[in-house]
Amino acid sequence: MAEYGFADRVRVVEGGDNRQESVSHALAPWLPTRRHCAGARRRAPLIDAATIDRTIDAVLLHGAAIVGLPAVDTIKQVERTATAH
């Protein structure tokens, strides 16, 4: 991280046995000094700024918020035989 100038802004932590544990490990070092936290799944990196702004507004108003968006890509069910339906 230092090589790219992120050492003072990025921390690498050990993951967990599941997503919830990994997120808990990531947040634990800095949550005591912060009131709110925002996170994003790597599968949805192209969320628009207006949605982020509305989500932050909802967090400030309600204490927590989560974004739910309809799936717009093709979703396929794949059997173990690798045949798509």
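Heavy atoms only: backbone and side chains are in, while hydrogens, waters and symmetry mates are out. As the structure is a prediction and not an experimental result, all values here were calculated from the model. Starting from 1, each residue takes its place in the sequence as its number.
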Participant: Holding to side chain to side chain donor-acceptor pair (under 3.5 Å), I want the full list of residues that pass it with S24, two or more places apart in sequence or in another chain.
Facilitator: none
Participant: Check whether I66 and L60 end up in the same hydrophobic cluster, where Ile, Leu, Val, Met, Phe, Trp and Tyr are linked by side-chain heavy atoms less than 4.5 Å apart.
Facilitator: no
Participant: So, does H25 use its side chain to make a donor-acceptor pair with the main chain of V13 at under 3.5 Å?
Facilitator: no
Participant: Which residues pass the side-chain contact (heavy atoms from CB on, under 4.5 Å) test with V67, sequence neighbours left out?
Facilitator: I47, T51, T55, L69
Participant: Determine the minimum heavy-atom distance between A58 and A65, stating which atoms define it.
Facilitator: CB-CB, 3.7 Å
Participant: Going by side-chain contact (heavy atoms from CB on, under 4.5 Å), name the residues that satisfy it together with A50, two or more places apart in sequence or in a different chain.
Facilitator: D48, R54
